[in-house]
Every structure is written in structure tokens, then in C-alpha cells.
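So the structure is just underneath, and the comments pick up after that.
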Amino acid sequence: MRLVQFRRHGDAGGIRVGVEQGEGLGVVDLKAFDPSMPSTMRALLELGDEGLQCARRALSSGQCVVERSDVQLLSPVLAPEKVVCVGMNYRDHCLEQNVPIPKEPIIFSKFPSAITGPYDDIFLPSESQEVDWEVELAFVIGRRGKHIKEEDALSYVAGFTVANDVSARDWQMNRNGKQWLLGKTFDSFCPLGPALVTTDSVKDPHNLDVRCLVNGDTVQSSNTDQMIFKTEVLVSWVSKFVTLTPGDVFLTGTPPGVGVFRKPPVFLKKGDVVECQIDQLGSIINRVA
């Protein structure tokens, strides 16, 4: 299934959860189908199998469909408890920088307020002159867990989506004691979407082509088979330190081709259009403002 959060055009306050009939097609309004269902993805995931079974029934019913032209897609998850990010997690990206392959996952975070929608603007902060792109496979936690074993880890994942780990390189690499947080967490620095594709609908999350285009030119092109630490490892590793809860978002790292390592470096400017694509999941398109 392709689960989405959306708002009908002209409805300023009403966030809804829906199921896409197919990529780019109409959306089944889950709460219209069953008024007992919640209005947010996080609350739906907290229901566990009950919520997902209802979504499947709604999709197969063909009822309560909202035309795509009447829908504004939002980030599949809003206000998660955690946004967990992984650095240096693609072999080809490590080679690009001439750095060793990490022996343990390198974990950092964004604040949830960085999340924005799949087609919303990325805002250039006045505090940075070096804003960069990073296409990433993201996944969302579907149930609560701590000290999760790798062999059980995928059962804790609700699904996968596309992310752009927008990064202010001057703050990431030279300011704030070279801690990464501030450079990664400006408002709008985590476009996410367009849908949460459930794990049963993704044949192999570690064999997906990944691309990033800036103004139509391909700047990143790789495959998730380059990931050093796969989904199961990341879930197990992070759950040693914190309890994972439904709606938590993981960004799993980026392939080579980012702007900062180009010669000369290239950074985003007002008016640029960034498109992040992952096979089977879709694409997010964000204008720089």
C-alpha cells in the first residue's frame, strides 16, 4: 500500500490519512471510509495491524476516493517523536571523500520541525551560504520496541519513503564545534514523501535505484545496495540506545554526488528545483526559496 497524509484544497486545518490507488492516482480518504480511524499517520501506526487492515479494506472498496487534483500531499509523517539520521552509510560516498568505511553506524538527528512536504519549498536560511542536497531512502517505525534483534527488525518497520537530507555545509563542517545537528535541522531541511510505501509492497529495499536531479540535471545516481548498514542493522543498533516508537523516521544516508565535494563546490540557490527519486517509492520535488 501507498499510505499518505493529505489536505483537501481549501481545507486549511483538516489533515487526513489516505491510501493512494496507485502512484499519482486518486486517494481513498480513510476517515471517510471508517469514521473511527484517526486523522494522522502516526496515530494510524499506533493502532498496529488494526489500522493497516482498515486501510487495506478501504483501498479494495474503491469508495471515498478523492481526486488527485483536489489533494495537497503532506509529509507522510508529521511531528514524529524522533528523526534519526545515518552518516557515511554508502560505500561509494565514502570513496568519494576518500574516508574509511565506518565500522559502526554514525548516528545524528534532525529536529522534527525540519520536516516538510514532498512538494513544499526548501527555504534558504540567511545564516548559511552553503546549502546542499542529499537524496536518501527513509523508513518509518511501525511499532514500539527496545533492544530489537536484527532478525526481527523489519517487523518493526511500517514502510519506506523518499527524503532529502538538506544540509548547511558551513554549519555542519566548520561551525558549532563541527557537530552536525544545526547544519541539518533548519526549518524545511527534511522534505519527505510522497507516500509511505508499506514493507510488503517493496520487493527489496536494498536494491533500489536512487537519484537526485537539480534543475533537471542528474547529480546523484546510485543504488541502495551500496548501503553499508542495512535497515535491519540500523533498527537494531539505534534500539540499543532509545526506545523506538510508531512514526519515528530514519534517514539512511546518501550516495555520492553532493555539491560540497564537487570541484568547485556547488550549492543551492534561490529558484533551483531539486528532485529526489527512488524506484518503487516515487519522487519528491522541492523548489528552493
Side-chain angles (χ1 to χ4, degrees), residues 1-83 111-121 138-145 155-163 188 190-202 244-250 278 280-286:
M1 287 187 298
R2 298 179 61 86
L3 300 171
V4 296
Q5 282 190 144
F6 71 96
R7 183 181 288 124
R8 287 184 184 236
H9 291 307
D11 185 356
I15 296 174
R16 311 284 275 199
V17 179
V19 190
E20 281 188 319
Q21 293 183 305
E23 187 175 348
L25 300 180
V27 174
V28 179
D29 185 335
L30 192 54
K31 196 167 184 66
F33 175 78
D34 183 345
S36 72
M37 286 294 104
S39 297
T40 69
M41 187 76 72
R42 184 173 169 183
L44 180 72
L45 295 177
E46 287 170 347
L47 288 176
D49 286 343
E50 177 191 350
L52 295 179
Q53 290 294 344
C54 182
R56 291 187 182 95
R57 291 196 301 272
L59 179 62
S60 62
S61 76
Q63 301 172 5
C64 306
V65 178
V66 184
E67 294 299 321
R68 192 54 174 262
S69 58
D70 294 332
V71 164
Q72 175 196 359
L73 284 189
L74 309 173
S75 166
V77 179
L78 294 168
E81 185 178 279
K82 294 180 280 297
V83 181
F111 292 130
S113 54
I115 290 177
T116 193
Y119 310 117
D120 293 341
D121 288 345
F139 64 84
V140 178
I141 295 297
R143 61 190 182 106
R144 186 181 183 89
S155 71
Y156 287 81
V157 175
F160 297 86
T161 191
V162 184
S188 78
C190 190
L192 208 60
L196 179 63
V197 183
T198 53
T199 51
D200 58 353
S201 298
V202 180
L244 300 180
T245 61
D248 286 350
V249 177
F250 277 64
I278 300 181
Q280 300 181 39
L281 305 183
S283 66
I284 58 177
I285 303 172
N286 306 94

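Quantities reported herein were computed from a predicted structural model and do not represent experimental measurements. For the numbers below, each heavy atom of this structure counts, side chains included, while hydrogens, waters and symmetry mates do not.
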Run the side-chain donor-acceptor check on residues 40-51: report pairs under 3.5 Å with partners two or more places apart or on a different chain.
unit_1, atom_1, unit_2, atom_2, d
Thr40, OG1, Ala43, N, 3.2
Arg42, NH1, Ala79, O, 2.6

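- In terms of heavy-atom proximity, Pro80 sits nearest to Gly247 at CB-O, 3.1 Å.
- The minimum heavy-atom distance between Ser201 and Gln280, with the atom names listed, is O-OE1, 3.9 Å.
- In terms of heavy-atom proximity, Leu3 sits nearest to Leu52 at CD1-CD2, 3.9 Å.
- Side-chain N or O atoms of Ser188 include none that pairs as donor or acceptor with a backbone N or O of Thr116 at under 3.5 Å.
- Judged by the 6.0 Å and 45° rule, Arg16 forms no cation-pi pair with Phe6.
- Closest approach of Asp34 to Cys54, counting heavy atoms only: OD2-SG, 3.6 Å.
- A distance-only check finds no donor-acceptor pair linking the side chain of Arg2 to the backbone of Gly22 [under 3.5 Å].
- With values rounded to the nearest 0.5 angstrom, Ile15 atom CD1 is found 6.0 Å from Gln5 atom CD.
- Between Arg8 atom CZ and Asp29 atom CG the span is 6.0 Å, to the nearest 0.5 Å.
- If you take CG on Leu78 and OG on Ser113, they are separated by 12.0 Å, rounding to the nearest 0.5 Å.
- Residues satisfying the side-chain contact (heavy atoms from CB on, under 4.5 Å) test with Asn286, not counting sequence neighbours, are Ile122, Pro191, Ile284.
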Below 3.5 Å, can you tabulate the donor-acceptor pairs from side chains in residues 69-76 to any protein atom, sequence neighbours excluded?
unit_1, atom_1, unit_2, atom_2, d
Ser75, OG, Val77, N, 3.3
Ser75, OG, Val77, O, 2.7

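- Looking at heavy atoms from C-beta onward, Pro194 lies out of side-chain contact with Glu23 at the 4.5 angstrom threshold.
- Looking only at distances, no side-chain donor or acceptor of Thr161 sits under 3.5 Å from a matching main-chain atom of Ala138.
- Distance CG/Leu281 to CG/Leu196: 9.5 Å, rounded to 0.5 Å.
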